[in-house]
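Below, chains carry the letters A, B, ... as their sequence lines are ordered, and counting in each starts from 1.
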There are 2 protein chains.
Amino acid sequence: MKNISRKTVDRALIYIRTLDHLIKEKRYLVSSKDLALITGISDVQIRKDISNFGKVGRPRIGYKTAELNKTLKGFVLQENVVHVALFGVGHLGTAMLSYPAFNEDNIKLVAAFEKDKSKIGKKINGVKVYSVETAPKIIKRTHADLGIIAVPASHSQEVADIMVLSGLKGIVNFAPASISVPKSVSVKDIDFTIELLSLFCNNLQ
Amino acid sequence: MKNISRKTVDRALIYIRTLDHLIKEKRYLVSSKDLALITGISDVQIRKDISNFGKVGRPRIGYKTAELNKTLKGFVLQENVVHVALFGVGHLGTAMLSYPAFNEDNIKLVAAFEKDKSKIGKKINGVKVYSVETAPKIIKRTHADLGIIAVPASHSQEVADIMVLSGLKGIVNFAPASISVPKSVSVKDIDFTIELLSLFCNNLQ
DNA sequence: TCTCAATCGTTCTAAATTTCACGATTAGAC
DNA sequence: GTCTAATCGTGAAATTTAGAACGATTGAGA
């Protein structure tokens with residue numbers, strides 16, 4: 001099997017999202033040019049990405065939406081449902097618990113953890129809120145794969161340590177601070193401030 | 001002046017965030033190796049990035065935190081305060097309005113827009129909620145530079161069109177759908193589902 | 001049947017980015 | 001004052017990524 005680059009996988013996830021949408025609209029065929037118009041990714045890039053997963057297109061016709069979607073999902077998702085644990089049930093954490101798209105996709109929030117005792121024991125959108133101390137036990141029981149840090153930056157490292165200890169293999173970190181984790185754990189940082197400033201600095205001046 | 005790449009600018013924002021933190025801790029000196037340990041970016045990369053902005057380090061010593069911070073900010077932020085308009089005051093939008101880091105940084109949420117009439121006219125965390133129809137007028141009056149899409153995917157294109165019409169030059173799009181905008185407007189997509197699946201696909205299998 | 005236009009898939013080229021290697025500089029120890 | 005170890009800054013090599021060019025394939029229409 002080919003070695004498929006991280007960027008290709010990331011774009012494949014965009015193609016899958018787009019195809020899901022097209023299929024819902026009863027669209028049966030789509031060309032790389034169509035996908036380029038929708039996604040903003042060049043048609044050449046799209047064809048090259050797709051060719052990593054086999055020859056599923058037909059010249060003059062394009063791709064069958066359902067077939068392409070199935071092929072892409074077969075490679076990148078493999079029917080997996082990703083189990084995710086959430087740390088921090090403040091405004092952002094609550095927004096994640098209420099995020100409607102997770103239900104349609106291959107993502108399941110299996111547990112939430114919080115320091116504030118008044119929130120512990122409650123259920124939000126079907127997800128139970130536990131004390132942070134119980135995280136290792138609960139995470140093993142629920143087979144969580146990934147974790148989300150939605151606590152203040154002042155506690156993000158502390159929470160990251162617990163996540164690593166609990167055996168999580170990937171972390172989405174919303175706290176505006178770098179965290180240190182072993183190489184075996186991968187981290188994706190999303191700092192709202194930096195995202196906005198990056199847009200501003202890179203394009204407006 | 002040198003042509004500084006987008007990736008360098010993005011990393012510079014991480015250095016600035018880190019330096020802000022170190023300065024708050026009364027740390028006066030930092031080496032590229034120290035910064036590498038904290039941020040996870042290689043020390044060579046850090047030195048090369050910084051060298052874009054001049055020779056501010058001293059061999060054997062490292063960088064003065066305050067001086068380096070000032071230099072970096074001078075290049076990438078230039079004392080600007082970025083004015084941001086928010087579209088959608090649901091769970092995620094409310095989380096953005098309550099996001100504490102914006103106040104410390106160079107970001108000011110100047111207005112929020114919402115369809116739901118029961119929310120219009122209220123003030124959340126000092127930010128007034130307006131009807132979406134009034135966006136062009138309010139955005140011009142408040143001199144907003146960037147916008148945030150925090151509405152459901154079903155309405156994201158509609159909202160994006162209004163943002164473009166209102167003169168916003170950059171958009172952070174949290175809706176899980178691609179939006180089409182003129183080339184002059186830059187877009188940063190943040191799809192929580194894709195972020196999680198990307199972590200999972202790229203590292204766990 | 002033949003031609004044509006659209007589209008895929010692939011190879012080669014170019015650009016961007018990171019990593020490596022190493023010289024230059026400096027503070028401190030002796 | 002000299003040596004040493006740490007650190008910066010930079011030019012070159014290597015890697016990754018995107019882009020361009022182009023042949024191959026296919027369905028439709030004359």
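The structure places CD1 of B/I162 at 10.5 Å from CD of B/Q157, a figure rounded to the nearest 0.5 Å.
A/R17 and B/S178 form a side-chain donor-acceptor contact under 3.5 Å, judged by distance and modelled atom types alone. Of the N and O atoms on the side chains of B/T8 and B/S5, at least one donor lies less than 3.5 Å from an acceptor on the other residue.
In this model, the phosphate group of D/dA18 is approached by a side-chain N or O of A/R11 to a distance below 4.0 Å at OP1 or OP2.
Proximity of residues 181-190 of chain A to DNA chain C (heavy atom under 4.0 angstrom from any strand atom) is not detected for any residue. At a non-hydrogen distance threshold of 4.0 Å, A/R47, A/K48 from residues 42-49 of chain A come into contact with DNA chain C. Within residues 54-69 of chain B, the residues approaching DNA chain C are B/R58, B/P59, B/R60, B/I61, by heavy-atom distance under 4.0 Å. Within residues 28-35 of chain A, the residues that place at least one heavy atom under 4.0 Å from DNA chain C are, in residue-number order, A/S31, A/S32.
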Donor-acceptor pairs are to be reported for all side-chain atoms of residues 93-101 of chain A against protein atoms at under 3.5 Å, with residues two or more places apart or in another chain.
residue	atom	partner	partner atom	Å
A/T94	OG1	A/G90	O	2.6
A/S98	OG	A/T94	O	2.7

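Residues B/I4 and B/F53 form a side-chain contact, since some pair of their non-hydrogen atoms from C-beta on lies under 4.5 Å apart.
In this structure a side-chain-to-backbone donor-acceptor pair under 3.5 Å is missing from A/E114 to A/K119. The backbone N or O of A/I190 lies less than 3.5 Å from no partner atom in the side chain of A/E195, so there is not a single donor-acceptor pair. A donor-acceptor pair is defined here as one N or O able to donate and one able to accept, closer than 3.5 Å; no such pair exists between the side chain of B/T65 and the backbone of B/I23.
Per the geometry, CD1 belonging to B/I4 stands 15 Å off C1' belonging to C/dT17, to the nearest Å. The CG atom of B/L37 sits 15 Å away from the C1' atom of D/dT7 (whole-angstrom rounding). Here the C1' atom of nucleotide D/dT10 and the CD1 atom of B/I50 are 14 Å apart, to the nearest Å. Atom CZ in B/R6 sits about 18 Å away from atom C1' in C/dT18, given to the nearest Å.
For the pair A/D20 and A/K24, the salt-bridge criterion is not met [side-chain N within less than 4.0 Å of a carboxylate O]. Between B/E67 and B/R58 there is no salt bridge, since no side-chain nitrogen of the basic residue lies less than 4.0 Å from a carboxylate oxygen of the acidic one.
With sequence neighbours excluded, the residues forming a salt bridge (charged side-chain N to carboxylate O under 4.0 Å, His left out) with B/D49 are B/R11, listed by chain and number.
Using cut-offs of 30° and 60° for the angle between ring planes, the A/Y130 and A/F113 rings count as tilted. Ring geometry for B/F174 versus B/F192: interplanar angle of 30 to 60°, hence tilted.
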